[in-house]
Asker: 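Sharing a structure here in structure tokens format.
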Amino acid sequence: MRIATWNVNSVNARLPKLLDWLSAAEPDVLCLQELKVDADAFPAEQVAELGYEVAAHGNGRWNGVAVLSRVGLDDVRRGLADEPGFQAEGAMFEAAEPRAIGATCGGVRVWSVYVPNGRDVDHPHYEYKLRWLSALRETAAEELKTAGPFAVLGDFNIAPTDADVWDIGQFDGATHVTERERAALTELVGTGLAEVAPRPLKYEVAFTYWDYRALRFPKNQGMRIDLVYGDPQLTAAVSDAYVDRDARKGKGTSDHAPVVVDLDL
DNA sequence: ATGCCCGTCCGTGACGGA
């Protein structure tokens, strides 16, 4: 079985690239993030022609996650238990955001997640990011009580180590590399998960994101922030894992590349 | 060549992304 995760930065803007990639890579399960579309406006017919069912969780302009599967799609769960929302400046209330969706596909339980960015360590969005990661840990811990295999895949907006950004000197005081964010990843792992380490197809580190600006991709000035965590049953079945950086080449691409995991399942 | 930001919205700039 092949499972994968990809932040597509608008599923409609990326639809031709998405369909091409599905046809070429033939994942059995694909977790998507940053749909930027209402769930009922997801281009389900187009992916259905390639044999995929879809469960989407989205509400318009921002965020949005989905699971695509050609090996069954059951027990869909939209949102985390006690998931926090974000209270924008001047807003009266917290607003829930579509950032997590879980589904069982071909016997594998997957969660597609889009962790809040954090924006700046002094911004309320950073505390929201940490609260959101706590909720993710709680939901993972709850679901791990039942039998695996189990995986959480997505855009974590955290570089696990200093080596996971092109130049740590450029990230002084920035989000994505702070102790508290990394501690949240360690706590997630503490529920009984391990990271599936992807191999780079080129260069030393398997970056998954390169900013559109400043020739970041040709210069390989990237970040490894799209991550896959699995329970022991899943990680024991991993036969290969890599970042498909070719998907970042050329015009009309997402700024993220897919992470692909092959399983003997 | 992998090449100098992109996507969205009652939208013609502002915001978010990281």
Side-chain angles (χ1 to χ4, degrees), chain A residues 6-18 20-21 32-39 41-43 58-65 85-91 95 97-99 113-130 132-133 154-178 180-182 184-185 200-227 243-259:
Chain A
W6 194 9
N7 176 325
V8 287
N9 187 18
S10 170
V11 71
N12 283 323
R14 214 63 56 213
L15 190 58
K17 296 280 187 188
L18 173 62
D20 287 350
W21 193 80
L32 297 177
Q33 301 88 36
E34 281 211 80
L35 303 180
K36 296 185 173 179
V37 71
D38 287 329
F42 188 100
N59 65 0
R61 188 176 183 186
W62 307 115
N63 314 304
V65 287
F86 181 62
Q87 187 162 354
E89 224 168 320
E97 299 181 324
R99 295 182 174 274
V113 300
Y114 179 45
V115 177
N117 173 289
R119 297 183 189 171
D120 186 276
V121 291
D122 298 323
H123 195 283
H125 211 263
Y126 180 75
E127 298 299 328
Y128 168 50
K129 181 179 196 174
L130 296 170
W132 199 92
L133 286 161
D155 179 355
F156 280 77
N157 275 317
I158 302 170
T161 74
D162 287 357
D164 293 313
V165 297
W166 86 91
D167 178 6
I168 192 63
Q170 301 288 318
F171 288 82
D172 191 33
T175 59
H176 294 62
V177 298
T178 67
R180 294 177 72 196
E181 290 164 277
R182 288 174 176 169
L185 288 184
L201 296 186
K202 193 179 178 183
Y203 304 116
E204 296 301 307
V205 181
F207 293 145
T208 64
Y209 163 85
W210 302 260
D211 197 296
Y212 287 120
R213 291 166 288 191
L215 293 173
R216 289 282 189 250
F217 183 64
K219 292 178 177 173
N220 197 38
Q221 296 178 334
M223 304 172 72
R224 196 174 76 82
I225 55 175
D226 297 87
L227 309 172
V243 176
D244 188 0
R245 68 187 304 285
D246 287 349
R248 181 64 177 78
K249 294 179 179 176
K251 289 235 175 270
T253 70
S254 171
D255 42 2
H256 295 250
V259 183

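Below, read A as the first sequence line, B as the second, and so on, with proteins coming before strands; counting in each chain starts at 1.
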Asker: Would you classify A:Lys251 as touching base, sugar-phosphate or nothing, given that sugar-phosphate means primed atoms plus P, OP1 and OP2, and contacts are heavy atoms under 4.0 Å?
Answerer: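 Sugar-phosphate, no base atom in range.
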
Asker: What residues form a side-chain hydrogen bond (donor to acceptor under 3.5 Å, both in side chains) with A:Tyr203, not counting sequence neighbours?
Answerer: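 For A:Tyr203, no residue satisfies side-chain hydrogen bond (donor to acceptor under 3.5 Å, both in side chains) once neighbours in sequence are set aside.
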
Asker: So that I know where these two stand, are A:Tyr128 and A:His125 an aromatic pair - ring centroids less than 6.0 Å apart?
Answerer: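 Between A:His125 and A:Tyr128, which both carry aromatic rings, the centre distance is below 6.0 Å.
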
Asker: Expressed as a whole number of Å, how far does the P atom of B:dC10 sit from that of B:dC6?
Answerer: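 One P to the other, the span is 23 Å.
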
Asker: Output yes when at least one side-chain N/O atom of A:Arg216 is less than 4.0 Å from OP1 or OP2 of B:dG3, else no.
Answerer: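 So the side-chain polar atoms of A:Arg216 never come under 4.0 Å of the phosphate oxygens OP1 or OP2 of B:dG3.
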
Asker: Between A:Tyr203 and A:Thr253, which has a closest nucleotide on DNA chain B that is more 5'?
Answerer: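 The answer here is A:Tyr203.
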
Asker: Looking at A:Arg216 and A:Asp211, does any basic side-chain N land under 4.0 Å from a carboxylate oxygen?
Answerer: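 No, no charged N to carboxylate O under 4.0 Å.
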
Asker: Using a strict cut-off of less than 4.0 Å between a Lys/Arg side-chain nitrogen and an Asp/Glu carboxylate oxygen, indicate whether A:Asp246 and A:Lys249 qualify as a salt bridge.
Answerer: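 A:Lys249 and A:Asp246: salt-bridged.
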
Asker: Whole angstrom is fine here: how far is it from NZ in A:Lys219 over to P in B:dC5?
Answerer: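 Result: 11 Å.
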
Asker: Provide the distance between the two C1' atoms, one in B:dA18 and one in B:dC5, to the nearest whole Å.
Answerer: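 These two C1' atoms come out 13 Å apart once rounded.
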
Asker: Can you tell me the distance, in whole Å, between the CG atom of A:Leu215 and the P atom of B:dC4?
Answerer: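 In whole Å, B:dC4 P and A:Leu215 CG are 6 Å from each other.
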
Asker: Side chains of A:Ser254 and A:Asn9: do they bring a donor and an acceptor to under 3.5 Å?
Answerer: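 Distance-only check fails for A:Ser254 and A:Asn9.
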
Asker: Expected output check: what is the dot-bracket annotation of DNA chain B, where ( ) and [ ] are pairs inside the strand (brackets for crossing ones), | is paired with another strand, and pairs are Watson-Crick or G-U under 3.5 Å?
Answerer: ....(((((...))))).

Asker: Atom NZ of A:Lys249 to atom P of B:dG3: distance rounded to whole Å?
Answerer: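 After rounding, the reported distance stands at 10 Å.
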
Asker: Taking the six-membered ring for Trp and the full ring for Phe, Tyr or His, determine whether the centres of A:Trp6 and A:Trp21 are under 6.0 Å apart.
Answerer: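 Yes, ring centres under 6.0 Å apart.
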
Asker: In whole Å, measure the gap between the C1' atoms of B:dT8 and B:dC4 for me.
Answerer: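 Nearest-Å result for B:dT8 against B:dC4 at atom C1': 23 Å.
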
Asker: Could you list all the salt bridge (Lys or Arg N to Asp or Glu O under 4.0 Å) pairs where at least one residue sits in residues 113-128 of chain A, not counting sequence neighbours?
Answerer: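 Checked against salt bridge (Lys or Arg N to Asp or Glu O under 4.0 Å) - neighbours excluded - the pairs reaching residues 113-128 of chain A are A:Glu127-A:Arg180.
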
Asker: Could you tell me the separation between the CZ atom of A:Arg248 and the P atom of B:dC4, rounded to a whole number of Å?
Answerer: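 That distance rounds to 10 Å.
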
Asker: What one-letter contact string describes nucleotides 10-18 of chain B from 5' to 3', where B marks a base within less than 4.0 Å of any protein heavy atom, S marks contact via sugar-phosphate atoms alone, and - marks no contact?
Answerer: ----BBSBB

Asker: Donor-acceptor pairs are to be reported for all side-chain atoms of residues 170-177 of chain A against protein atoms at under 3.5 Å, with residues two or more places apart or in another chain.
Answerer:
residue, atom, partner, partner atom, Å
A:Gln170, NE2, A:Asp167, OD2, 3.4
A:His176, NE2, A:Asn157, OD1, 3.2

Asker: Taking only residues two or more places apart in sequence, or in another chain, which ones meet A:Ala88 in a side-chain contact (heavy atoms from CB on, under 4.5 Å)?
Answerer: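 With sequence neighbours excluded, A:Ala88 shows a side-chain contact (heavy atoms from CB on, under 4.5 Å) to A:Phe86, A:Ala91, given in chain and number order.
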
